[in-house]
Amino acid sequence: MSYTPSKIEAKWQKKWDDEKAFEPDDELTREKKYILSMFPFPSGRLHMGHVRNYAIGDAFARYYRKQNFNVLHPIGWDAFGMPAENAAIQHGRHPKEWTYSNIDYMRKELNTLGLSFSKTREFATCDPLYTKWEQEFIIKMFEEKLLYRESTTVNWCEDCHTVLANEQVEEGCCWRCDNTVELKEMDGYYLDIKRYADDLLGDLDSLEGKWPSQVITMQKNWIGKSQGLEFEFELSPSSKEKLGGNFDKYTVFTTRPDTIYGVTYTALAVEHPITKYLIKHNLLNESITETKTKVIEKTDKKSLIETYTETTTIAEKIKTITNMTEIERAKEGKEGYDLGLSVIHPLTGEEIPVWTANFVLASYGGGAVMAVPAHDERDFEFATKYNLAIKRVIAGGDALPYIFEGNLENSDMFSGLKNTEVKSQIIEHFEEKSLGKGTTNYKLRNWGISRQRYWGAPIPFVHCDTCGLVAEKVENLPIALPDDVEITGEGNPLENHPTWSNCACPQCGKDAKRETDTLDTFVQSSWYQFRYATNPKKWNDVGIDKEEANYWLGVDQYIGGIEHAILHLLYARFFTKVLRDLGYHNIDEPFENLLTQGMVLMDGSKMSKSKGNTIDPDALIEKYGADTARLFTLFAAPPTKELEWNDAAVEGAFRFIKKLYDRNKKVTSRTLPKIEQSSLSKASKVARVKVYEALQKSSAVYEKTFAFNTLIASCMEALNALDKQDNGDVWTEGMYIMLNLLEPIIPHVATELSQMLFERENLGVQLTVKEEVFVQDSILYMVMIGGKKRTEIEVSPSSSKQEILIQAKEAGAKWLEGMIIVKEIVVANKLVNLAIKPN
RNA sequence: GCGGAUGUGGUGAAAUUGGUAUACACGCCAGACUUAGGAUCUGGUGCUUUACGGCGUGGAGGUUCGAGUCCUCUCAUCCGCACCA
């Protein structure tokens with residue numbers, strides 16, 4: 001009987017289904033393991049990245065189930081999002097129909113992989129029942145003032161026709177479609193993630209060693225905490241007058257209070273209220289004339305260049321900057337304009353000019369900076385370009401800017417002190433005189449969650465002319481999407497719907513308008529790990545069951561792509577903390593251990609449809625079976641590394657399974673035999689050593705190193721060694737153990753053989769390593785002389801160190817001639833090393 | 001520029017954490033069985049040398065009896081952030 005994967009796999013998949021084999025206990029008594037692979041977006045078809053992700057997760061789940069843990073291993077669908085609307089635009093399919101039919105198709109594909117998912121806990125995030133609870137959370141957050149609405153500059157993607165969060169902008173482009181992101185002023189809903197900045201940063205320490213350090217650092221940098229001094233610049237009397245008495249002062253933040261005496265100018269962002277005021281009141285109409293060049297004709301070899309002058313105003317120039325993205329501004333180089341204002345230095349009382357500059361970020365530190373050109377590269381570049389004063393206040397080096405440590409000079413009472421030590425003193429000085437205070441700033445910006453799209457969870461708010469912004473009543477949830485929409489790609493389909501937004505104000509009952517923005521899809525993936533943990537029997541009644549959440553979370557092993565290092569993983573951590581503080585559970589961190597899997601590559605680059613270098617999992621499974629697909633995926637590379645696809649190597653994996661299957665005929669009894677070690681041939685002893693080495697490796701791999709590739713290699717070695725001997729008992733023991741070890745990786749064939757040979761008894765037992773297997777009759781020692789490997793000796797295990805040395809010297813006599821032994825080293829069970837020098 | 005990683009045969013990769021570098025697999029070579037085989041099985045396969053031997057983990061030093069592993073410097077590649085005051 002030869003190996004026929006299609007039959008075996010269908011048989012066991014059906015059996016597992018019938019037996020409901022992978023549902024966790026409802027009783028929360030046993031020790032638990034929560035194994036979670038990031039849930040897929042129902043794009044239509046599975047790709048190899050999915051196969052890898054779920055093969056890894058399934059190996060963990062099956063391993064821990066075998067160790068008698070109560071295992072939660074769920075799957076679901078991250079089902080809202082743009083592609084569903086694109087399908088509607090391109091193929092006229094309704095997003096809902098498109099999404100659910102994709103889910104049905106992909107569920108079948110996942111089934112053919114034999115993954116041990118809980119079937120009862122599956123859901124799609126577009127299910128109204130999921131939306132219902134999400135909307136409740138959103139309303140609770142609003143009540144806690146964690147959610148607010150404001151008008152501000154946002155990242156806008158014209159292609160996706162929606163706003164993007166900061167985290168969704170990659171090098172100035174949309175994370176999804178790569179279109180250049182524009183800035184736009186508009187209303188939107190925000191979650192105050194900054195309130196949790198310190199918590200999110202601090203708790204990263206508890207993930208040290210359990211998350212890849214790379215991800216931890218990326219999150220740290222993204223949060224970007226910095227400590228320093230915040231103080232105010234008072235405007236000079238004439239400047240106040242110029243500003244019509246509307247401004248007295250403004251705040252700046254610095255991490256370098258030690259350079260405070262070196263401030264020679266200050267710069268405002270172009271979006272700063274003072275800059276805006278000056279433009280609005282025509283106070284920056286001074287004209288500037290620039291000489292520019294233009295290519296008017298280009299022939300083969302020469303370009304005809306014309307020089308011309310252009311006259312414009314400062315106000316116009318500033319407006320141009322305002323319309324540029326941060327990246328464009330950075331490319332332009334430093335640019336700025338004298339605002340014709342001055343402020344008073346808080347310590348020296350000097351008058352300091354006020355500029356506006358393109359490198360000052362509106363969104364950080366109040367949109368204004370103090371400038372110390374002598375000790376800051378950016379300030380220096382700007383001061384040099386515009387001939388501004390430069391004042392050195394730290395001694396050291398010849399060249400400016402000097403950005404290293406040194407003693408202060410020209411700094412009044414602080415002169416002579418070391419700059420690194422004086423920072424806190426200066427902050428204290430400001431605090432004593434009530435001029436400023438020590439403070440902390442974050443790069444992290446609040447999470448904009450409004451999307452001007454149809455296929456998302458409606459934001460459950462109502463605009464009432466009388467009451468303003470009002471949250472929907474919880475008993476009215478979910479606010480569901482209308483089915484009858486026209487999706488054209490133009491504008492927001494919810495906004496264009498004739499009646500959907502009409503409603504009664506939940507507060508006063510008058511006619512009001514429903515919010516037409518929907519939630520960012522990352523909101524759904526921020527709490528799904530809690531939904532799975534809640535028993536489906538309760539899904540109608542609660543969003544998250546507290547007791548069950550506390551039992552199952554944090555996720556013991558989370559597996560997914562590195563591309564979520566910031567986005568999803570930061571949002572989910574944030575949501576976890578917020579829901580904790582809202583009383584839904586007591587968990588601080590959602591994902592206890594994180595494994596970031598590498599990409600699946602073909603010819604060195606990422607598999608993608610556009611490149612035509614994809615491998616279709618369905619075809620692969622049809623040809624070789626799911627077990628081969630899984631085995632290859634786990635064998636070809638360690639899970640965190642990139643996986644280079646190789647058709648020939650897939651054949652190799654297939655060959656191993658066939659060979660394993662074929663050796664069923666070597667098994668001579670239906671239970672684990674007792675073996676008398678001393679009666680065995682040398683080859684049989686070696687085989688046993690290999691089998692038990694694989695067993696030893698197994699727990700280390702599943703619990704520590706995750707190097708499935710080495711566990712598989714160990715099993716291959718064991719099978720090769722078994723093949724070199726013919727003892728039926730050793731074969732039986734070897735197969736008994738190996739099938740147990742391989743079941744999490746190649747479950748169908750391992751279960752089939754276990755059933756056939758041992759009635760699956762071997763899959764349920766706790767195997768222990770038999771140390772006597774490793775005891776050898778003689779031990780091979782390498783003999784090194786003068787640091788070089790020279791020969792080998794066979795030593796009895798009972799030999800003393802002295803005996804071993806004598807034996808080694810005899811064997812190595814040839815190399816010791818005319819030498820004096822300087823040092824003798826014996827490493828137990830390994831080697832002898834004799835250090836020598838000429839006599 | 002800042003931060004994080006990674007460099008080992010023709011290829012994917014191992015190496016019990018300082019102890020025989022290249023396990024396992026692919027590929028390649030030779031052989032067996034075959035009408036045939038892109039099937040299966042067996043053996044070989046780091047470089048160099050006629051040989052003894054020598055050299056080999058990106059490069060250069062160092063520590064050590066002993067270094068892929070530890071230290072210093074350096075080069076290359078990949079990823080993330082990107083004027084955060």
Side-chain angles (χ1 to χ4, degrees), chain A residues 170-172 212-222 224-226 228-229 252-256 259 266-267 326-327 329-334 357-361 363-372 375-379 381-382 441-445 562-563 565-566 599 601 631-632 635-638 640-653 655-656 658-659 662 693 696-697 700 707 709-720 723 780-792 821-836:
Chain A
E170 294 168 350
E171 292 183 21
S213 58
Q214 193 196 169
V215 177
I216 294 179
T217 339
M218 278 166 74
Q219 291 217 354
K220 278 187 183 162
N221 293 342
W222 190 263
K225 179 178 181 168
S226 52
L229 168 70
V252 294
F253 171 74
T254 180
T255 54
R256 295 294 305 276
T259 63
T266 145
E326 283 179 20
I327 293 188
R329 293 183 201 185
K331 279 192 195 136
E332 270 315 282
K334 303 276 178 289
N358 67 343
F359 66 90
V360 180
L361 303 174
S363 52
Y364 186 83
V369 297
M370 68 177 215
V372 186
H375 304 291
D376 180 280
E377 284 170 331
R378 291 157 305 179
D379 297 347
E381 193 188 330
F382 192 80
N441 248 311
Y442 299 92
K443 283 195 213 176
L444 184 68
R445 296 177 202 177
I562 185 81
E563 66 271 19
I566 291 176
M599 279 192 301
L601 305 181
L631 182 69
F632 171 75
F635 178 59
T640 53
K641 267 193 110 162
E642 291 177 335
L643 169 64
E644 178 68 35
W645 194 262
N646 180 338
D647 284 325
V650 176
E651 290 276 354
R655 211 172 295 152
F656 170 73
K658 277 194 288 187
K659 186 166 154 185
D662 173 75
E693 273 175 358
Q696 231 168 11
K697 187 141 222 156
N709 53 332
T710 65
L711 174 60
I712 295 165
S714 277
C715 289
M716 288 174 168
E717 275 187 73
L719 191 61
N720 290 344
D723 250 339
L780 204 61
Y781 274 72
M782 173 188 58
V783 179
M784 291 173 79
I785 294 168
K788 288 191 164 72
K789 179 192 165 188
R790 290 301 184 191
T791 184
E792 284 171 348
I821 297 174
V822 192
K823 199 163 180 180
E824 299 169 339
I825 286 145
V826 178
V827 181
N829 301 324
K830 288 258 155 61
L831 58 85
V832 177
N833 192 359
L834 304 171
I836 51 171

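Chain letters run A, B, ... following the sequence lines, proteins first, then strands; residues in each count from 1. Keep in mind that the numbers below use all heavy atoms, side chains included, and drop hydrogens, waters and symmetry copies.
With sequence neighbours excluded, no residue forms a salt bridge (charged side-chain N to carboxylate O under 4.0 Å, His left out) with A/Arg790. Taking A/Glu326 as the reference, A/Arg445 meet the salt bridge (charged side-chain N to carboxylate O under 4.0 Å, His left out) condition, with sequence neighbours excluded. In this structure, A/Glu642 has no salt bridge (charged side-chain N to carboxylate O under 4.0 Å, His left out) partners at least two apart in sequence or on a different chain. A/Lys334 meets the salt bridge (charged side-chain N to carboxylate O under 4.0 Å, His left out) test with A/Glu381; sequence neighbours excluded.
Nearest-nucleotide assignment on RNA chain B puts the 5′-proximal partner with A/Glu642, out of A/Glu642 and A/Leu834. Closest-nucleotide positions on RNA chain B for A/Ala649 and A/Lys331 were compared, and the one nearer the 5' end corresponds to A/Ala649.
With hydrogens and angles disregarded, a donor-acceptor distance shorter than 3.5 Å links the side chain of A/Asn358 to the backbone of A/Gly333.
The partner of B/C47 is B/G54, judged by Watson-Crick or G-U wobble contacts that both fall below 3.5 Å. With a cut-off of 3.5 Å on both Watson-Crick or G-U wobble distances, the partner of B/C70 is given as B/G62. Pair assignment for B/C41: B/G31, on the basis of Watson-Crick or G-U wobble contacts that are both within less than 3.5 Å. Across all strands shown, B/C78 pairs with B/G4; the Watson-Crick or G-U wobble distances both stay below 3.5 Å. Pair assignment for B/C83: none, as no Watson-Crick or G-U wobble contacts are both less than 3.5 Å. In this structure, B/U11 forms a base pair with B/A25, meeting either the Watson-Crick or the G-U wobble geometry with both donor-acceptor distances under 3.5 Å.
Annotation: B/U69 and B/G18 have their C1' atoms spaced 7 Å apart (nearest Å). Distance noted for atom C1' between B/A14 and B/A21: 10 Å (whole Å). Between B/C33 and B/G43, the distance separating the two C1' atoms is 15 Å to the nearest Å. The gap from the P atom of B/U50 to that of B/A67 amounts to 29 Å, rounded to the nearest Å. Using P as the reference atom, B/G53 and B/G37 are 42 Å apart when rounded to the nearest Å. Separating the C1' atom of B/U11 from that of B/U63 is a span of 35 Å, rounded to the nearest Å. A gap of 16 Å separates the C1' atoms of B/G58 and B/A5, to the nearest Å. Of the C1' atoms belonging to B/G31 and B/C24, the separation is 24 Å, rounded to the nearest Å.
In this structure, a donor-acceptor pair under 3.5 Å is present between the side chains of A/Asn720 and A/Lys659. Looking only at atom types and distance, the side chain of A/Thr791 has no donor-acceptor partner in the side chain of A/Tyr781 under 3.5 Å away.
Within 4.0 Å (heavy atoms only), A/Asn720 reaches sugar-phosphate atoms of the nucleic acid but no base atom. Residue contacts for A/Pro212: at a heavy-atom cut-off of 4.0 Å it reaches no nucleic acid atom on any strand shown. Contacts of A/Tyr442 with the nucleic acid, taken as non-hydrogen atoms under 4.0 Å apart, are absent. Using a 4.0 Å heavy-atom distance criterion, A/Asn646 is classed as a sugar-phosphate-only contact. A/Lys658 comes within contact range of the sugar-phosphate backbone alone, with a heavy-atom separation under 4.0 Å but no base atom that close. Residue A/Val372 is out of contact with every strand shown, counting any heavy-atom pair closer than 4.0 Å. No contact: A/Ser714 has no heavy atom under 4.0 Å from any strand. Nucleic acid contact class of A/Lys334 (heavy atoms, under 4.0 Å, all strands): base. Among the protein residues, A/Arg790 comes within range of the sugar-phosphate backbone only, with heavy atoms under 4.0 Å from sugar or phosphate atoms but none that close to a base. In this structure, A/Gly652 reaches the sugar-phosphate backbone alone: every heavy-atom distance under 4.0 Å involves primed, P, OP1 or OP2 atoms, never a base. The residue A/Arg329 sits close to a base: some heavy atom pair falls under 4.0 Å. Looking at heavy-atom distances under 4.0 Å, A/Ala330 makes contact with a base.
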Pair up each side-chain donor or acceptor in residues 709-718 of chain A with any protein partner under 3.5 Å, not counting sequence neighbours, and list the distances.
| from | atom 1 | to | atom 2 | distance (Å) |
| --- | --- | --- | --- | --- |
| A/Thr710 | OG1 | A/Ala707 | O | 2.8 |
| A/Ser714 | OG | A/Thr710 | O | 3.4 |
| A/Glu717 | OE1 | A/Lys690 | NZ | 2.7 |

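Classified by its glycosidic torsion, B/G9 falls in the syn category, the angle being within 90° of 0. A syn orientation is assigned to B/U17, its glycosidic angle lying within 90° of 0.
Taking a 6.0 Å sphere around CD of A/Glu377, one finds it holds 12 or fewer heavy atoms contributed by other residues, nucleotides or ligands.
The nucleotide range of RNA chain B contacted by chain A, defined by atoms under 4.0 angstrom from heavy atoms of the protein and reported 5' to 3', is B/G3 to B/A85.
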